[in-house]
Amino acid sequence: MATTVSFTVESPRGPRSVSVAYERSGSGEPLLLLHGIGHHRQAWDPVIPVLALERDVIAVDLPGFGVSPGLPEALAYDLPTVAPLLGTFCEAIGVERPHVAGNSLGGLLALELGRRKLAGSVTALSPAGFWTDPERRYAFGTLRAMRLAAESMPLPLIERLSRTATGRTVLTSTIYARPGRRSPDAAMAETVALRHAAGFHRTLAAGRDVRFTDDLPGLPVTIAWGGRDRLLLRRQGIRAKQTLPGARLVRLHACGHVPMSDDPALVARVILDTSR
């Protein structure tokens, strides 16, 4: 069951209240988990049981996704707004410089938290921000098509599709290499989460010109890329390594864009190794 914390952040129009939903489990050093655009905190469910054996795991619904309310109009969904906001969220729940693992948009946010000295280590799984213009347009076009499909399908159809491996392939094969591994409930829930994500379009618009160009010297960083990532192609991992020469680059064989379900044991090991 999610807990919601509210806190105040500054905006160009004065202080604004923001609420973030999260789940917390386990014990040890804190580990913040950040999902991708259109997804929700449950994307991390396959790896949390292993991570929680060694870490105080905090899985969040980013603002405007999952059950977290959207940001007030005075606040943008860009890196300069959302990354400090996550820092304030950590303060609100009594956490300082957690290890951070993120996927896609969450991976970019994790790197930005590292750049701002707000993370103890960073594990970025297929992070956004290392694309060329054509690769970004392809990814954004694919995401918009996924959103339109989720909005267009009647809920009874989504439920029927989620009940078979073939149907789950139709719903989720863009982001998973092994969509049949998703449970019917998980496939249904994440399709509905994409359908209702209040922050989807504003986040895409804010990401149009985003590139991550800074090294993070002295910070443990792992960049991990799914060998079968169909959304952010794996050659972007080479660019990430060139940008962050001190980072470890790991290939997640047989994994798609969201690897936590495709190979939970491997992903958990990569995160724990980075955060030791």
Side-chain angles (χ1 to χ4, degrees), residues 1-26 30-45 48 51-52 55-114 116 118-120 122 128 143 147 150-151 185-186 188-207 210 258 260:
M1 184 68 66
T3 300
T4 299
V5 62
S6 298
F7 48 90
T8 299
V9 298
E10 291 299 322
S11 83
R13 302 178 195 170
R16 292 292 187 270
S17 179
V18 173
S19 296
V20 172
Y22 68 100
E23 288 189 86
R24 194 167 185 174
S25 59
L31 169 64
L32 182 67
L33 302 179
L34 306 175
H35 61 76
I37 185 171
H39 225 147
H40 55 178
R41 69 185 186 282
Q42 290 90 338
W44 296 97
D45 282 355
I48 285 177
L51 297 176
R55 298 286 179 268
D56 171 13
V57 180
I58 304 148
V60 307
D61 279 333
L62 293 171
F65 300 96
V67 296
S68 289
L71 291 175
E73 286 297 323
L75 293 172
Y77 282 83
D78 57 9
L79 283 183
T81 301
V82 178
L85 183 154
L86 289 171
T88 304
F89 161 77
C90 288
E91 292 177 9
I93 63 170
V95 170
E96 182 178 357
R97 292 192 78 236
H99 303 288
V100 185
N103 173 227
S104 195
L105 166 65
L108 174 62
L109 287 167
L111 290 166
E112 181 65 12
L113 287 170
R116 292 171 179 266
L118 296 174
V122 171
L143 288 166
R147 165 76 170 214
E151 290 177 320
D185 287 346
M188 174 77 180
E190 63 193 357
T191 304
V192 172
L194 174 59
R195 178 191 187 108
H196 294 300
F200 181 85
H201 292 295
R202 288 176 64 193
T203 298
L204 272 190
V210 167
V258 180
M260 295 85 80

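When reading the values below, keep in mind they use all heavy atoms of this one structure, side chains included, and skip hydrogens, waters and symmetry mates.
Taken from CD1 in I93 to CD1 in I58, the straight-line distance is 4.0 Å, to the nearest 0.5 Å. E112 CD to L34 CG: the interatomic distance, rounded to the nearest 0.5 Å, is 12.0 Å. Summarising the geometry, atom CG belonging to L33 is positioned 11.5 Å from atom CZ belonging to R55; distances are rounded to the nearest 0.5 Å. To the nearest 0.5 Å, atom CG of residue L194 and atom CZ of residue F65 are 9.5 Å apart. Atom CD1 in I37 sits 9.0 Å away from atom NE2 in H201 (nearest 0.5 Å). The CG atom of D185 sits 11.0 Å away from the CD atom of E190 when rounded to the nearest 0.5 Å.
Minimum heavy-atom separation, A21 to A2: CB-CB, 4.2 Å. Heavy-atom minimum distance, H40 versus G66: CB-CA, 3.8 Å. The nearest pair of heavy atoms linking A76 to R202 is CA-NH2, 4.1 Å. Taking all atoms of both residues into account, the shortest heavy-atom contact from S17 to S6 is OG-CB, 4.3 Å. When all heavy atoms of H99 and G120 are compared, the closest pair comes out as ND1-C, 4.0 Å. Residues R195 and A150 come closest through the heavy atom pair NH1-O, 2.9 Å.
Aromatic ring orientation, F7 versus F89: tilted (interplanar angle from 30° to 60°).
Residues passing the side-chain contact (heavy atoms from CB on, under 4.5 Å) test with P98, sequence neighbours excluded: P30, L32, C90, V95, V100. In terms of the salt bridge (Lys or Arg N to Asp or Glu O under 4.0 Å) criterion, residue partners of D56 (sequence neighbours excluded) are, by chain and number, R24. With sequence neighbours excluded, the residues forming a salt bridge (Lys or Arg N to Asp or Glu O under 4.0 Å) with R41 are E23, D61, listed by chain and number. R147 is linked by a salt bridge (Lys or Arg N to Asp or Glu O under 4.0 Å) to E151, counting only residues two or more places apart in sequence or in another chain.
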Exercise for review: For side chain to side chain contact (heavy atoms under 4.5 Å, CB included), just list the numbers for T88 and V18, CA-CA rounded to whole Å, side-chain angles, deciding distance to a tenth of an Å, and then say yes or no.
Suggested key: CA-CA 10 Å; T88 304; V18 173; over 6 Å; no
Review point. What do the steps show when you test L79 against L108 for side chain to side chain contact (heavy atoms under 4.5 Å, CB included), and what is the final call?
Key: CA-CA 9 Å; L79 283 183; L108 174 62; 3.9 Å; yes
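Counting only residues at least two apart or on different chains, no salt bridge (charged side-chain N to carboxylate O under 4.0 Å, His left out) pair has a member in residues 84-109. Residue pairs that meet the side-chain hydrogen bond (donor to acceptor under 3.5 Å, both in side chains) test with at least one member in residues 65-80, sequence neighbours left out, are D78-T81.
Contact of the L118 side chain with the L86 side chain is not registered, since no non-hydrogen atoms from C-beta on lie closer than 4.5 Å. The shortest distance between side-chain heavy atoms of V82 and T203 does not fall below 4.5 Å.
Of the possible polar contacts, none joining the H35 side chain to the Q42 backbone as a donor-acceptor pair under 3.5 Å is found.
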